[in-house]
Amino acid sequence: MSRKQAFQFLDLPRTMPQRIPVELRTSGDWGELYGKFGKEDAQFQAGRCLDCGNPYCSWKCPVHNAIPQWLQLVQENRIHEAATLCHSTNPLPEVCGRVCPQDRLCEGSCTLEEFGAVTIGAVEKYIVDTALATGWRPDMSAVEATGKRVAVIGAGPAGLSCADKLAHAGIQAVVYDRYEQIGGLLQFGIPSFKLDKSVISRRRNVLEGMGVQFRLGVEIGRDVSIDDLLAEYDAVFVGTGAYRYTDGGLLGQDLKGVLPALPFLVQNSRIVSGSDAHGRPIAGWEDQIALPDLEGKRVVVLGGGDTGMDCVRSAIRLGAAKVTCAYRRDEANMPGSAREVANAREEGVRFLFNRQPLSIEAGADDEVIGVMVVETTLSDPDAQGRRNAVPIEGSESLLEADVVIIAFGFSPTAPAWLTEQGVEAGNNGRIVAGGSGRLPFQTAHPRLFAGGDAVRGADLVVTAVAEGRDAAGSIVQLLSA
Ligand code: FAD
Ligand code: SF4
């Protein structure tokens with residue numbers, strides 16, 4: 001029975017699930033920050049939906065979830081049906097419910113804005129966690145095996161989403177990843193306080209139950225060639241992500257005590273999740289760093305995106321005495337999610353806006369002593385509406401630090417083994433897929449498809465999920481012709 005009352009949004013405020021108290025977070029608790037709704041809370045929060053008739057939330061959601069419909073099913077406690085509906089558009093709904101920047105996507109366009117948006121992400125997480133815990137699994141009973149086989153390179157959200165949709169179409173998906181576990185940046189990038197790693201192993205069980213196979217610790221181009229994959233499979237999907245650092249070219253960036261963001265997060269994830277702390281070295285990508293002891297240290301993180309936020313909040317949990325984020329523009333122009341910035345502030349992170357790093361300074365023993373920064377002001381918007389940071393002469397100062405973490409962002413690199421197959425790469429390293437005369441996400445090689453960060457550049461989990469899903473649609477079309 002529905003628990004909805006007329007104008008429930010007026011009587012019941014928007015509430016999020018409880019969060020881990022700040023004292024625990026700052027003393028090294030790596031658990032997921034947000035807890036879970038109970039049945040009543042989920043029903044009441046879902047019942048706040050007006051069913052406004054213009055579901056902007058669904059349009060703004062990159063996978064176009066049927067949000068009002070599954071909110072209604074939650075009110076009626078029809079959780080297994082809600083889970084089926086969630087999965088019809090999104091193969092990783094419990095992940096997106098946790099990590100999407102909802103304030104910029106579905107919740108940011110909720111009609112109830114001034115009364116507090118419906119907590120769409122938290123309800124999505126509730127639906128899928130509850131359904132999986134009570135035995136719901138994707139219904140594969142009507143799937144007929146086609147005898148076709150597709151290799152998926154990369155077990156990140158793009159690859160997993162593609163594999164899921166292929167399995168639903170009766171195509172055997174075999175997913176290869178150079179890492180020892182699935183998830184890509186979900187596993188080795190996004191910290192556990194945003195996404196508990198048990199969520200990924202549970203999803204692996206679900207996918208394996210659907211018949212998806214994984215070949216982990218296998219790097220294509222090194223352990224297995226693309227020619228072998230093309231010979232063995234009917235088509236190949238490439239979801240290799242974006243791992244080339246944006247090089248700030250800062251003097252002193254190679255000093256001891258300066259860490260690139262991703263290796264710092266990857267190594268930390270391995271240690272926190274109890275995975276092999278040393279992992280397997282990856283050719284051409286130096287991800288094996290010795291993690292310095294941050295206890296009592298002053299840490300400066302350069303960069304204001306999601307990666308920067310994950311670094312500052314990880315440093316807090318690793319016992320750093322003082323953590324500062326320096327960003328060259330102002331707060332309004334920061335790329336990181338506003339919710340993550342608020343959480344970081346609450347955990348004690350200090351933000352210095354309008355500070356551009358000039359160099360990293362060393363003491364007598366070549367150890368980092370700080371970052372030389374200059375204050376900035378923002379230019380008028382350019383033709384693309386972007387406001388650039390303009391240094392203010394004479395405003396230089398030293399930001400003292402024992403450890404500096406550089407988080408300037410990432411770009412993809414189209415691997416040579418792919419371009420040698422005739423696949424085009426943009427000069428920004430992105431794989432070119434789709435376009436005139438091709439199926440969506442099909443590259444210049446008719447049996448090679450690509451999607452996610454490798455194609456669009458570093459972006460979001462939900463956009464990678466959308467592209468993997470839609471690329472699978474194109475592969476099904478090719479193989480059914
Ligand atoms: P990836 O997740 O990068 O997966 C690519 C996979 O391909 C990897 O597992 C890699 O090992 C594998 N691979 C690469 N080359 C080969 C090869 N030759 N052979 C075999 N395997 C290979 N997005 C959000 O929406 N919310 C967030 O809160 C958020 N936080 C982030 C925090 C950090 C620190 C970072 C770096 C990113 C964050 N993002 C976030 C972005 C998001 O994680 C990515 O956009 C998303 O993971 C891209 O998915 P993908 O499948 O394209 O690539
Ligand atoms: Fe919102 Fe992301 Fe879920 Fe879409 S997938 S409804 S954007 S949380």
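Position 1 is the first residue of the sequence; numbering continues from there. All ligand and atom numbering here is 1-based and tracks the order in the structure.
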Practice prompt. Apply side-chain hydrogen bond (donor to acceptor under 3.5 Å, both in side chains) to the pair Gln75 and Gln43, showing each step before the final yes or no.
Written response: CA-CA 5 Å; Gln75 292 167 63; Gln43 286 181 324; over 6 Å; no
Go through ligand 1 atom by atom and flag the ones less than 4.0 Å from a non-hydrogen atom of [X].
| X | result |
| --- | --- |
| Gly239 | 5 (C), 6 (C), 7 (O) |
| Gly154 | 6 (C), 7 (O), 12 (C) |
| Thr240 | 5 (C), 7 (O), 14 (C), 15 (N), 16 (C) |
| Val461 | 23 (N), 24 (C), 25 (O), 42 (C), 43 (O), 45 (O) |
| Gly184 | 2 (O), 4 (O), 8 (C), 9 (O) |
| Gly452 | 52 (O) |
| Asp310 | 30 (N), 31 (C), 32 (C), 33 (C), 34 (C) |
| Leu460 | 23 (N), 24 (C), 25 (O), 45 (O) |

List ligand 2 atoms under 4.0 Å from [X], heavy atoms only on the residue side.
| X | value |
| --- | --- |
| Val462 | 5 (S) |
| Ile120 | 6 (S) |
| Cys61 | 4 (Fe), 5 (S), 6 (S), 7 (S) |
| Cys96 | 5 (S), 8 (S) |
| Asn65 | 3 (Fe), 4 (Fe), 5 (S), 6 (S) |
| Leu105 | 7 (S) |
| Asn90 | 5 (S) |
| Ile67 | 6 (S) |

Would you check if [X] and [Y] make a side-chain contact, meaning some heavy-atom pair closer than 4.5 Å?
| X | Y | answer |
| --- | --- | --- |
| Val174 | Gln172 | yes |
| Glu124 | Glu94 | no |
| Asp228 | Tyr233 | no |
| Arg345 | Phe351 | yes |
| Leu73 | Ile79 | no |
| Leu33 | Gln18 | no |

[X] side chain to [Y] main-chain N or O, any donor-acceptor pair under 3.5 Å?
| X | Y | result |
| --- | --- | --- |
| Asn65 | Ser58 | no |
| Arg98 | Asp196 | no |
| Glu467 | Gly451 | no |
| Lys297 | Asp293 | yes |
| Thr463 | Asp459 | no |
| Lys197 | Leu186 | yes |

Discussion item. What protein heavy atom lies closest to atom 2 (Fe) of ligand 2? Include the residue and the distance to one decimal.
Written reply: Cys100 SG, 2.5 Å
Worksheet, complete the sentence: In this structure, atom 1 (Fe) of ligand 2 is nearest to the protein heavy atom Cys106 SG, 2.3 Å
Practice prompt. Can you figure out which of Ile226, Asp459, Thr413 has its heavy atom closest to atom 39 (N) of ligand 1?
Written response: Asp459
Discussion item. Please state which option from Val465, Asp223, Val218, Leu185 has its nearest heavy atom closest to atom 37 (C) of ligand 1.
Written reply: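 Shortest heavy-atom distance from atom 37 (C) of ligand 1: Leu185.
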Does ligand 1 have any atom that is closer than 4.0 Å to a heavy atom of [X]?
| X | answer |
| --- | --- |
| Gly221 | no |
| Tyr243 | yes |
| Leu160 | no |
| Pro157 | yes |

Worksheet item: Can a donor-acceptor pair be found between the side chains of Thr443 and Glu424 at a distance below 3.5 Å?
Response: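 Judged by distance alone, the side chains do not pair up.
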Worksheet item: Of Lys194, Lys125, Arg25, which is the lone residue that meets salt bridge (Lys or Arg N to Asp or Glu O under 4.0 Å) with Glu32?
Response: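 Of Lys194, Lys125, Arg25, salt bridge (Lys or Arg N to Asp or Glu O under 4.0 Å) with Glu32 is met by Lys125 alone.
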Does [X] reach ligand 1 with a nitrogen or oxygen that is under 3.5 Å from one of the ligand's nitrogen or oxygen atoms?
| X | value |
| --- | --- |
| Ile220 | yes |
| Ala458 | no |
| Asp306 | no |
| Gly189 | no |
| Asp177 | yes |
| Tyr179 | no |
| Leu186 | no |

Discussion item. Looking only at N, O or S atoms in Glu124, which is nearest to atom 3 (Fe) of ligand 2?
Written reply: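 Looking at Glu124, the N, O or S atom with the least distance to atom 3 (Fe) of ligand 2 is OE1.
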Fill in: Nearest atoms (heavy-atom pairs only) where Gly221 meets Trp417
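Minimum heavy-atom contact is CA-CD1, 3.5 Å.
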Item to complete: Look at atom CZ of Phe408 and say whether more than 12 heavy atoms of other residues, nucleotides or ligands are closer to it than 6.0 Å.
Response: yes
Discussion item. With a sphere of 6.0 Å drawn around CD of Glu346, does it hold more than 12 non-hydrogen atoms of other residues, nucleotides or ligands?
Written reply: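 Yes, enclosed.
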Worksheet item: Does Arg178 make a cation-pi contact with Tyr243 (under 6.0 Å, within 45 degrees of the axis)?
Response: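 Output yes; distance and angle both within limits.
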Item to complete: Determine, for Phe193 and Arg317, whether the Lys NZ or Arg CZ falls below 6.0 Å from the six-membered ring centre while staying within 45 degrees of the axis.
Response: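 Flagged: Arg317 positioned over aromatic ring of Phe193.
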Side chain or backbone of [X] under 4.0 Å from ligand 1, or both, or neither, by non-hydrogen atoms?
| X | answer |
| --- | --- |
| Phe410 | side chain |
| Leu265 | side chain |
| Trp417 | side chain |
| Ala158 | both |
| Gln187 | neither |

Discussion item. Please determine whether a side-chain nitrogen of the Lys or Arg among Glu107 and Arg14 lies less than 4.0 Å from a carboxylate oxygen of the Asp or Glu.
Written reply: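 Salt bridge flag = yes for Arg14 with Glu107.
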